[in-house]
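The structure under discussion appears below in the form of structure tokens.
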Amino acid sequence: MKFHKEGYASLTIVILFSAALIALVRYFFPEVTWAHYLAYAVAAFLTIVILQFFRDPIFKVEVNDKYVLAPADGKVVVIEETEENEYFKDKRIQVSIFMSPVNVHVNRNPISGIVKYAKYHPGLYLVAWHPKSSTENERTTVVIEGKNKVEVLFRQIAGAMARRIVYYVKEGQQVTQGSEMGFIKFGSRVDVFLPLGTKINVQLDQNVKGARTVIAEL
């Protein structure tokens, strides 16, 4: 387990805030022992929250060109046939994974291949499970073409709390299944769009692990 680079700024803010809080309490209430302990508890709680949120687990990815791996940790909240209007402009199978604040928020490439499309869209901050969040929220859309020429689209979507989406891939880049492609801060969701007829290996409300759970077979 390691600490993700996207959390350095947040951790610095928490450390500075905690130090200031403890110093102020000790200065203004030097004899109030319970106030000191309360300040310590608040500082410890905030630090633990940041450390767990930005944790980045280390594990071995089993690369397989026939599999589509979960791009994020979380719960499967949508499995349905729908119209994808940004890139494919036809019907696809959508699998959506909701990430709560306690999930690992590193996002990973679901397949290996060439990035054919990568675009950031500014937008709203509707709750991540809102039906219109896929098309109206701040989001990024990435399409990877695998070795079998099958294209998989996945979309990072900001939620009511998530106010920063980061993605590291660019068009024309060769990426490896399970490698890190981005990060979303403080709860959100990832949608995956697959060709019709794809075998789906997960069910609604199932908890999945990014780059470890096989969500579909191409």
Side-chain angles (χ1 to χ4, degrees), residues 1-8 10-11 48-79 93-118 140-157 162 164-195 198-218:
M1 189 72 68
K2 61 181 180 178
F3 188 72
H4 198 276
K5 62 183 180 180
E6 295 295 342
Y8 291 152
S10 297
L11 183 60
I48 290 171
V49 167
I50 293 299
L51 290 176
Q52 75 84 30
F53 183 85
F54 289 99
R55 67 194 188 279
D56 186 1
I58 300 172
F59 54 88
K60 183 178 180 180
V61 178
E62 304 253 345
V63 176
N64 189 317
D65 292 332
K66 294 182 179 179
Y67 291 161
V68 179
L69 300 183
D73 285 21
K75 179 185 289 188
V76 177
V77 293
V78 173
I79 301 175
I93 300 175
Q94 176 182 337
V95 178
S96 298
I97 300 168
F98 173 73
M99 293 175 284
S100 76
V102 301
N103 289 128
V104 171
H105 275 61
V106 178
N107 297 151
R108 300 180 181 275
N109 295 302
I111 64 171
S112 297
I114 301 292
V115 177
K116 304 296 286 187
Y117 181 84
T140 65
T141 301
V142 175
V143 179
I144 300 175
E145 181 184 79
K147 293 180 180 179
N148 51 9
K149 299 301 180 181
V150 174
E151 293 181 322
V152 172
L153 181 153
F154 59 107
R155 186 171 287 140
Q156 297 173 291
I157 302 170
R164 188 182 178 198
I165 293 177
V166 181
Y167 70 108
Y168 311 127
V169 300
K170 58 185 179 181
E171 291 181 12
Q173 180 181 347
Q174 175 78 46
V175 296
T176 303
Q177 187 177 48
S179 61
E180 185 177 328
M181 65 74 55
F183 197 97
I184 313 179
K185 292 187 176 183
F186 304 115
S188 45
R189 105 184 202 201
V190 177
D191 292 346
V192 183
F193 292 85
L194 303 162
T198 299
K199 180 185 176 184
I200 305 301
N201 289 355
V202 292
Q203 300 177 338
L204 286 175
D205 297 325
Q206 179 178 337
N207 290 313
V208 297
K209 295 290 186 181
R212 283 166 283 181
T213 303
V214 177
I215 63 171
E217 296 181 33
L218 298 172

Start with the C-alpha gap between Val68 and Phe154, add the side-chain angles, then the distance that decides, and say whether side-chain contact (heavy atoms from CB on, under 4.5 Å) holds.
CA-CA 11 Å; Val68 179; Phe154 59 107; over 6 Å; no

Please name the pair of heavy atoms, one in [X] and one in [Y], separated by the smallest distance, quoted to 0.1 Å.
X: Gly178; Y: Ala211; value: CA-CB, 3.7 Å
X: Arg189; Y: Ile184; value: O-CD1, 4.1 Å
X: Phe98; Y: Val77; value: CB-CG1, 3.7 Å
X: Asn109; Y: Ile144; value: OD1-CD1, 3.6 Å
X: Val152; Y: Pro110; value: CG1-CG, 4.3 Å
X: Pro71; Y: Ile97; value: CD-CD1, 3.8 Å

Could you walk me through whether Lys75 and Ser100 pass the side-chain contact (heavy atoms from CB on, under 4.5 Å) check?
CA-CA 8 Å; Lys75 179 185 289 188; Ser100 76; over 6 Å; no

Quick one: [atom1] on [X] to [atom2] on [Y], what's the gap to the nearest 0.5 Å?
X: Ile114; Y: Lys149; atom1: CD1; atom2: NZ; answer: 8.5 Å
X: Lys116; Y: Leu153; atom1: NZ; atom2: CG; answer: 14.0 Å
X: Ser112; Y: Glu145; atom1: OG; atom2: CD; answer: 13.0 Å

Would [X] and [Y] count as having a side-chain donor-acceptor pair, cut-off 3.5 Å?
X: Glu180; Y: His4; result: yes
X: Asn107; Y: Gln156; result: yes
X: Ser179; Y: Gln177; result: no

ring-ring contact (aromatic ring centres under 6.0 Å, His included) against Tyr168, all qualifying residues, sequence neighbours excluded
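Residues passing ring-ring contact (aromatic ring centres under 6.0 Å, His included) with Tyr168: none at all.
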
Does any N or O in the side chain of Gln174 come within less than 3.5 Å of the main-chain N or O of Gly113, such that one atom is a donor and the other an acceptor?
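Checking the backbone N and O of Gly113 against the side chain of Gln174, a donor-acceptor pair under 3.5 Å is found.
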
Going through the checks in order, is the side-chain contact (heavy atoms from CB on, under 4.5 Å) test met by Lys185 and Glu6?
CA-CA 9 Å; Lys185 292 187 176 183; Glu6 295 295 342; 4.3 Å; yes

Less than 4.5 Å apart, side chain to side chain, heavy atoms only: is that true for [X] and [Y]?
X: Leu218; Y: Asn148; result: yes
X: Leu69; Y: Val214; result: yes
X: Pro195; Y: Val150; result: yes
X: Ile200; Y: Ile215; result: no
X: Val208; Y: Asp73; result: no
X: Phe54; Y: Leu11; result: no
X: Ile157; Y: Ser188; result: no
X: Arg155; Y: Val142; result: no

Taking only residues at least two apart or on different chains, which pairs with a member in residues 198-212 satisfy side-chain hydrogen bond (donor to acceptor under 3.5 Å, both in side chains)?
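Counting only pairs at least two positions apart or across chains, the side-chain hydrogen bond (donor to acceptor under 3.5 Å, both in side chains) contacts touching residues 198-212 are Asn201-Glu217.
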
Step by step, work out the side-chain contact (heavy atoms from CB on, under 4.5 Å) result for Val76 and Val95.
CA-CA 7 Å; Val76 177; Val95 178; 4.3 Å; yes

Pair up each side-chain donor or acceptor in residues 55-63 with any protein partner under 3.5 Å, not counting sequence neighbours, and list the distances.
from  : atom 1 : to     : atom 2 : distance (Å)
Arg55 : NH1    : Gln52  : O      : 2.4
Arg55 : NH1    : Gln52  : OE1    : 2.8
Arg55 : NH1    : Val102 : O      : 3.3
Arg55 : NH2    : Val102 : O      : 2.8
Asp56 : OD1    : Arg108 : NH2    : 3.2

